[in-house]
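All ligand and atom numbering here is 1-based and tracks the order in the structure.
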Amino acid sequence: MPEPRRRFLQGLSAMPLLGSQIEAAPAPRDWFAELGVRSFINAAGTYTRLTSCKMPPEVMEAMNTASQRFVNLDELQTAVGTRIASMLQCEAAMVTSGAAGAITVGAAACLAGKNPERIALLPHATGFPHQVVLQRTHHTNYEHSLLTAGARLIEVETEDDIERAAPQAAMMFFLNDATPRSTISHERWVAISKRLKIPTMIDAAADVPPVENLFRFTAMGFDLVAISGGKGIRGPQSSGLLLGRRDLIEAARLNTSPNSATVARGMKVNKEEIVGLLAALELYLARDHQADWKEWSRRAELIRDSAARVAGVTAEVYVPPVANRVPHVRISWDRSHLSLAPEEAMARLRSGSPSIEACPESDDKYLILNTWMLEPGETEIVAERVQAVLAR
Ligand SMILES: *Cc1c(COP(=O)(O)O)cnc(C)c1O
């Protein structure tokens, strides 16, 4: 400690009365309170509408530092992409505007490649292949991200269907979350794409954790992998990762900001987000993932046990199979005993103080709570409030 500061502090402790009267640093401006915008305990998970995750202070610090200097955005993307590719053991990488943005720039890369005329034409891919092949069960709420680039979707069910679509196909798309309902496995999908020489992309946006999923799909041979930066990785909410083949990543970059006349120019990523995601990824890789899992499970069990103490209530911990693969609590109750719909239970948690958001996946049968975005001390509050809402 520097000498003058030590002396100052010693002075304070010698004057306890005066010391206690020294004012703490002013509280930071509370923008949400000022705006009258409700903030809440996030027992929902990484939902965009609910602002998904909190960035660790180290990420904010990286973004803050980056914000104080000018750099060339292309040079920064190249350097960060190289670093991320080496961290994730893949050929190339770039930071995108969310996984949704990764899907669009990746699709643009598959449609237009590095061809300047084609890049300028997108999303109107007239005169060159622009069909994206996907399994019937792999449609997603996010396929506008493919359509935006100019893709036309072609549904397939069998390997023969893919063969027939191949001459017009620019890409084969796989939704990782649809794994359990796929008729063609990851491995077959990749093998067919290699044989037909059609690039493949996998959307694994919400599929970290497990951490292995950051490595697994490029290792399997997927040419492009889209992952959210602002979900499990806890980077900037509007950031994402596109990992994969060098030539395709280079093409993707040509199809987006800072290049003006491109289909994805609106999917800008700024230097703060680029550096922020890198910082978040470093932190995430260095975490003790087993300890995280234990802590999430402890929270889930605490909420489960608290809810289950109410007569007529059944509560269990479960883990979704692919996306959001973290411990959740699923609560149902005897409706003849308590005629409260899960939706009403959610509304009560929301309107209480502090406000609590339950998982939007809650349905007519279950109230669902997710534990991985809870902060220290919040689990106990959630457990107590859930019990109170059900015991009413
Ligand atoms: C969340 C999600 C996306 C979009 O990710 P962002 O990072 O929010 O852009 C795309 N696909 C799937 C399956 C997702 O769950």
Side-chain angles (χ1 to χ4, degrees), residues 42 44-55 59 84 88 93-108 132 134-149 151 153 171-182 186 189 200-210 213-214 216-217 222 224-244 252 255-257 263-270 272-274 276-278 280-281 284 319-326 328 357 359-361 368 370 372-373:
N42 181 356
T46 56
Y47 292 87
T48 296
R49 192 184 306 283
L50 304 177
T51 60
S52 195
C53 65
K54 282 189 193 165
M55 290 180 275
V59 173
I84 291 176
L88 300 183
M94 68 184 284
V95 179
T96 59
S97 58
I103 294 168
T104 302
V105 298
V132 167
L134 78 171
Q135 298 181 59
R136 196 173 47 77
T137 52
H138 286 223
H139 283 290
T140 113
N141 280 337
Y142 298 94
E143 63 196 27
H144 267 79
S145 299
L146 293 166
L147 302 174
T148 299
L153 303 186
M171 192 229 279
M172 288 171 61
F173 176 83
F174 197 101
L175 175 66
N176 194 47
D177 193 34
T179 303
R181 50 183 189 273
S182 299
H186 293 89
W189 196 255
T200 43
M201 178 196 281
I202 186 165
D203 174 356
D207 308 346
V208 174
N213 278 352
L214 288 168
R216 198 170 134 227
F217 304 112
F222 279 95
L224 291 169
V225 182
I227 296 174
S228 290
K231 292 181 181 169
I233 298 171
R234 292 181 59 183
Q237 217 326 247
S238 47
S239 72
L241 281 172
L242 185 65
L243 312 174
N255 279 279
T256 188
S257 168
V263 74
R265 174 61 180 78
M267 298 173 201
K268 184 190 281 189
V269 191
N270 64 27
E272 293 83 358
E273 290 166 321
I274 295 174
L277 179 54
L278 174 61
L281 191 61
Y284 180 69
V319 178
V322 186
N324 302 306
R325 216 166 102 188
V326 292
H328 290 59
E357 283 289 344
C359 187
E361 309 285 317
I368 299 173
N370 184 347
W372 64 333
M373 290 298 135

Would you mind writing out a table of all protein N or O atoms found under 3.5 Å from any N or O atom of ligand 1, naming both atoms and giving the distance to 0.1 Å?
{"from": "ligand 1", "atom 1": "5 (O)", "to": "Ser228", "atom 2": "OG", "distance (Å)": "3.1"}
{"from": "ligand 1", "atom 1": "7 (O)", "to": "Ala99", "atom 2": "N", "distance (Å)": "2.8"}
{"from": "ligand 1", "atom 1": "7 (O)", "to": "Ser228", "atom 2": "OG", "distance (Å)": "2.7"}
{"from": "ligand 1", "atom 1": "9 (O)", "to": "Ala99", "atom 2": "N", "distance (Å)": "3.1"}
{"from": "ligand 1", "atom 1": "9 (O)", "to": "Ala100", "atom 2": "N", "distance (Å)": "2.9"}
{"from": "ligand 1", "atom 1": "11 (N)", "to": "Asp203", "atom 2": "OD1", "distance (Å)": "3.3"}
{"from": "ligand 1", "atom 1": "11 (N)", "to": "Asp203", "atom 2": "OD2", "distance (Å)": "2.7"}
{"from": "ligand 1", "atom 1": "15 (O)", "to": "Lys231", "atom 2": "NZ", "distance (Å)": "3.0"}

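In this structure a side-chain-to-backbone donor-acceptor pair under 3.5 Å is present from Thr137 to Arg181.
Every residue meeting the ring pair (Phe, Tyr, Trp, His ring centres under 6.0 Å) condition with Phe217, not counting sequence neighbours, appears here in chain and number order: His186.
In this structure, the side chains of Met267 and Ser257 stay at 4.5 Å or more apart for every pair of heavy atoms.
Here Asp207 contributes atom CG and Asn324 contributes atom CG; the two are 8.0 Å apart, rounded to the nearest 0.5 Å. Here the NE2 atom belonging to His138 is positioned 6.5 Å from the OG1 atom belonging to Thr179, to the nearest 0.5 angstrom.
Counted by atom type alone, Ser52 and Gln237 present one or more donor-acceptor pairs between their side chains at under 3.5 Å.
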